[in-house]
Trainee: 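Below: one structure in structure tokens.
Basis for what follows: all heavy atoms, side chains included, without hydrogens, waters or symmetry-related copies. This is a predicted model, so every value here is computed, not measured.
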Amino acid sequence: MRSPTSTEALVNSLLRNPLSIKSRSQAQQLHAQVLKFQASSLCNLSLLLSIYSHINLLHDSLRLFNTLHFPPALAWKSVIRCYTSHGLPHKSLGSFIGMLASGLYPDHNVFPSVLKACAMLMDLNLGESLHGYIIRVGLDFDLYTGNALMNMYSKLRFLKKSGRQRLGASQVLDEMTERTRSVRTASVLVGNQGRKVSDIEAFNYDVSCRSREFEAQVLEIDYKPRSEYREMEACNLGQQIKDISHSMSVDSVRKIFEMMPEKDLVSWNTIIAGNARNGLYGETLTMVREMGGANLKPDSFTLSSVLPLIAENVDISKGKEIHGCSIRQGLDAEVYVASSLIDMYAKCTRVVDSYRVFTLLTERDGISWNSIIAGCVQNGLFDEGLKFFRQMLMAKIKPKSYSFSSIMPACAHLTTLHLGKQLHGYITRNGFDENIFIASSLVDMYAKCGNIRTARQIFDRMRLRDMVSWTAMIMGCALHGHALDAIELFEQMKTEGIEPNYVAFMAVLTACSHAGLVDEAWKYFNSMTLDFGIAPGVEHYAAVSDLLGRAGRLEEAYDFICGMPIGPTGSVWATLLSACRVHKNVDMAEKVANRILEVDPKNTGAYILLANIYSAARRWKEAAKWRASLRRTGIRKTPACSWIEVRNKVYAFMAGDESHPCYEKIREAMEVLMELMEKEGYVPDTSEVHHDVEEEQKKYLVCSHSERLAIVFGIINTPAGTTIRVTKNLRVCTDCHTATKFISKIVGREIVVRDNSRFHHFKNGTCSCGDYW
DNA sequence: ATAGGGTTAG
């Protein structure tokens, strides 16, 4: 026999040190060497296989595995791990069964992968059976297996849909643990020699029963495409099932943790993350503190699990504490921690602090980019969000599903349809269409950009719809004044077993309010508390009082607001005040305005509205008085602003902004139009012009409203037949509304105006809202 | 064996 060469020795040492191999080519070189030296023993090939699986090469692993006639345990375990980390839980469990079937005994380093596969399938039953099996083979005290068990339980919940009444999982496990332990202690005490044969036989029999039980369950699992599991996960983690008895799973996690004889940092991190995922705020923070007692310092895993919970609870002081902690540990520029910090600050409306963390972050990945983008968008900084989105693309980071659902609301709010469509194209090309978050945000975007039909098409094609998808569609209909569609959808949603929440009721009430459906609104308002136990919030009261007010039932609305169990806010009263303006009821307006200033002395809207009401009644002195007191408060009202998209570019207008580069051209066109309109019978309604000035001057002021400038700009800059789409950040003014009807008729074009609450479709001299808005 | 980001609301 020849002595091994140095190369052979190297090969052997490499085979026994799998962590030193880091790339596919290294692994393949080693593979070639093994074949060259005819060292392809079963043992060496299994070692190679475990190397392939450690660097996550599923195909190479499988190719090698398939050449083995009787794969040893190491080969099976490698394949199982690889399947799991590739997100193929069925395959993983199948291989596990195959391993058992070939007579091999599972050991401590196979269960983590199998448990993870159970968690992926969201199958608690299966997980519990596996747990029973693990107890039977005596591995429940193993550190790695225990950690994986905790992880599985903390990710699984009792799904409402499974319907079956279940025994408390932890009770069953308690009993089983007790029985197993007695068998085990007995055998330790007596020693293997003295152990009664019947005991061992009984034990082995029990183990094989458990493994068959588990096997039977695996075979029963119906295979679903991967995307569907992701949807299930999305639904499971969604609000609907959030509060359904996850306590049983959490109990199991705690029991395992307490029983574990040896705990390491991973064990602590796992239970902390589990508590955090299940929303146990106090408990989670306590455990982070207790870690110190066990001589363990929080690491990046700990911090990035805790921060989302702090964000959810909007606890800025705790958040800063954790930030401080991460700085002390030198973890504040670590991607995981930093992304959570960015998100936490954003959720606490401290975007400036998010920026700071983001700037300090040197290596940004898709998630850190998305955190800052979502942070901006969620705080209404749409342009900044878009800016970061573009920067991300320039940094050569490919947008993923999260990126689209984060940025889409920005397109929706800014009405930048061209951008939304562009993103939609990218989404379709990359197969993100099925994603429920993206589809919902697309429905919302198209609806908000005026394209209600496309919104409906996308909605109808969705395979799975959750409450948010329905609400987005209902709100879209409400926005366009399609109240009956909105109501029908709302009823359909309930029929499909999806419970409406706070926002869904806002949507349906808004629909009623835009169409003047008083009775329906009452019905839904009462149903909220009676049928669903949701306490109406200010928004719901606002919708109903708005409706009563518009219908001219001012007294009724007044009493309704006075009867609110939660203190009415300025905004609720404001709906009534604007109704007073529509119905020109100065007495009521005075009464309401005083109530507003009682609860909200800084409500500038009230000053302006009241001043306008006085102006309309030609009571100039009082109007001037209110305007003066507004000036004294030193608060500036939100400036009115309108914008329009022409040839993929957005043009913004402020009222009477004569410095606008297009101002002169617009002015000229406006004069021509005004002449034509007056011939058609248009009389400028200057009653709300708040200054006591000449009639000509008033007419001029009315004509320089931002929405009118935007509309005229659109007419002169687009070819005949194009629909003009204008967005305004506040409400469309009464006179502009009348004027736009005339304009639509004269120029023979459709004009769509979206203001802060709804869409107005002007066509042939009429408006879709029937002048009820 | 453990970790971070997403859709509806005037």
Trainee: By salt bridge (Lys or Arg N to Asp or Glu O under 4.0 Å), which residues pair with R550(A), not counting sequence neighbours?
Mentor: D546(A)

Trainee: What is the distance from CG of L489(A) to C1' of dT8(B), rounded to the nearest Å?
Mentor: 14 Å

Trainee: Classify the nucleic acid contact of V306(A) as base, sugar-phosphate or nothing, counting any heavy atom under 4.0 Å across all strands shown.
Mentor: nothing

Trainee: Please report, rounded to the nearest Å, how far the P atom of dG6(B) is from the CE atom of M344(A).
Mentor: 14 Å

Trainee: Applying a 4.0 Å non-hydrogen cut-off, can you work out what S406(A) is touching in the nucleic acid: base, sugar-phosphate, or nothing?
Mentor: sugar-phosphate

Trainee: Within the structure, does a side-chain N or O atom of K155(A) lie under 4.0 Å from either OP1 or OP2 of dA3(B)?
Mentor: yes

Trainee: Classify the nucleic acid contact of N109(A) as base, sugar-phosphate or nothing, counting any heavy atom under 4.0 Å across all strands shown.
Mentor: nothing

Trainee: Taking only N and O in the side chain of Q378(A), is any of them less than 4.0 Å away from OP1 or OP2 of dG5(B)?
Mentor: no

Trainee: Is there any side chain to side chain donor-acceptor pair (under 3.5 Å) pair reaching into residues 399-414 of chain A, and which pairs are they, with sequence neighbours excluded?
Mentor: N370(A)-S406(A)

Trainee: Whole angstrom is fine here: how far is it from NE2 in H540(A) over to P in dA9(B)?
Mentor: 13 Å

Trainee: Give the rounded distance in Å between these two atoms: CE of M462(A) and P of dT8(B).
Mentor: 13 Å

Trainee: What integer distance in Å separates N501(A):CG from dA9(B):P?
Mentor: 12 Å

Trainee: Verify the neighbour count for atom CD of E488(A): are there more than 12 heavy atoms of other residues, nucleotides or ligands below 6.0 Å?
Mentor: no

Trainee: Taking the side chain of V335(A) as heavy atoms from C-beta outward, which of dT7(B), dA3(B), dG4(B) is closest to it?
Mentor: dG4(B)

Trainee: Given atom CG of N269(A) and atom C1' of dT2(B), what is their separation to the nearest angstrom?
Mentor: 6 Å

Trainee: Check if the side chain of S405(A) and the base of dG6(B) share a donor-acceptor pair of N or O atoms closer than 3.5 Å.
Mentor: yes

Trainee: Output the single nucleotide from dT8(B), dG5(B), dA3(B) whose closest atom is nearest the side chain of T471(A).
Mentor: dT8(B)

Trainee: Within the structure shown, what part of the strands sits under 4.0 Å from I438(A) by heavy-atom distance: base, sugar-phosphate, or nothing?
Mentor: base

Trainee: OP1 or OP2 of dA3(B) sitting under 4.0 Å from any side-chain N/O of R277(A)?
Mentor: yes

Trainee: For DNA chain B, which residues of residues 111-118 of chain A approach it to below 4.0 angstrom with any heavy atom?
Mentor: P112(A), K116(A)

Trainee: With no angle test and no hydrogens, is the base of dG4(B) tied to the side chain of S339(A) by a donor-acceptor pair under 3.5 Å?
Mentor: yes

Trainee: Take atom CD1 of I272(A) and atom P of dA3(B), then tell me their distance rounded to the nearest Å.
Mentor: 13 Å

Trainee: Donor-acceptor pair under 3.5 Å: do we get one between S440(A)'s side chain and the base of dT7(B)?
Mentor: yes

Trainee: Using a cut-off of less than 4.0 Å, is there contact between a side-chain N or O of K448(A) and OP1 or OP2 of dA9(B)?
Mentor: yes

Trainee: Choosing from dT8(B), dA3(B), dG4(B), which nucleotide comes nearest the side chain of S300(A)?
Mentor: dA3(B)

Trainee: The side chain of V266(A) is closest to which nucleotide in this list: dT7(B), dA3(B), dT2(B)?
Mentor: dT2(B)

Trainee: According to salt bridge (Lys or Arg N to Asp or Glu O under 4.0 Å), does anything in residues 256-266 of chain A pair up with another residue at least two apart or in another chain? List the pairs.
Mentor: none

Trainee: Excluding sequence neighbours, so at least two apart, what forms side chain to side chain donor-acceptor pair (under 3.5 Å) with D107(A)?
Mentor: K77(A)

Trainee: Do we count F301(A) as stacking onto dT2(B) if the rule is ring centres under 5.5 Å and planes under 30°?
Mentor: yes

Trainee: For E496(A), look at atom CD and say whether over 12 heavy atoms of other residues, nucleotides or ligands are found less than 6.0 Å away.
Mentor: yes

Trainee: Applying a 4.0 Å non-hydrogen cut-off, can you work out what S304(A) is touching in the nucleic acid: base, sugar-phosphate, or nothing?
Mentor: base

Trainee: How about K494(A): does its NZ atom have over 12 heavy atoms from other parts shown lying under 6.0 Å from it?
Mentor: yes

Trainee: Taking side chain to side chain donor-acceptor pair (under 3.5 Å) as the test, write out the residues that go with D460(A), two or more places apart.
Mentor: R456(A)

Trainee: If you take all heavy atoms of D299(A) and L331(A), which pair is closest and at what distance?
Mentor: C-CD1, 3.7 Å

Trainee: Nearest to the side chain of V503(A) - dT7(B), dA9(B), dG5(B)?
Mentor: dA9(B)

Trainee: With respect to the side chain of S305(A), which nucleotide from dT7(B), dG4(B), dA3(B) is positioned closest?
Mentor: dA3(B)

Trainee: Please pick, from dA1(B), dG5(B), dA3(B), the nucleotide with the shortest atom-to-atom distance to any side-chain atom of S371(A).
Mentor: dG5(B)

Trainee: How close do N603(A) and S571(A) get, heavy atom to heavy atom, and via which atoms?
Mentor: ND2-N, 4.4 Å

Trainee: Contact class for A374(A) (heavy atom, under 4.0 Å): base, sugar-phosphate, or nothing?
Mentor: sugar-phosphate

Trainee: I want to check one thing: is the phosphate of dG4(B), taken as OP1 and OP2, less than 4.0 Å away from some side-chain N or O of K400(A)?
Mentor: no

Trainee: Which nucleotide sits closest to the side chain of Y336(A): dG4(B), dT7(B), dG6(B)?
Mentor: dG4(B)

Trainee: Compare the minimum distances between each of dG6(B), dG10(B), dT8(B) and the side chain of N370(A), then state the nucleotide with the smallest one.
Mentor: dG6(B)

Trainee: Would you kindly give the CD1-to-C1' distance between I534(A) and dA9(B), to the nearest whole Å?
Mentor: 13 Å

Trainee: dG4(B) base to D365(A) side chain: any donor-acceptor pair below 3.5 Å?
Mentor: yes

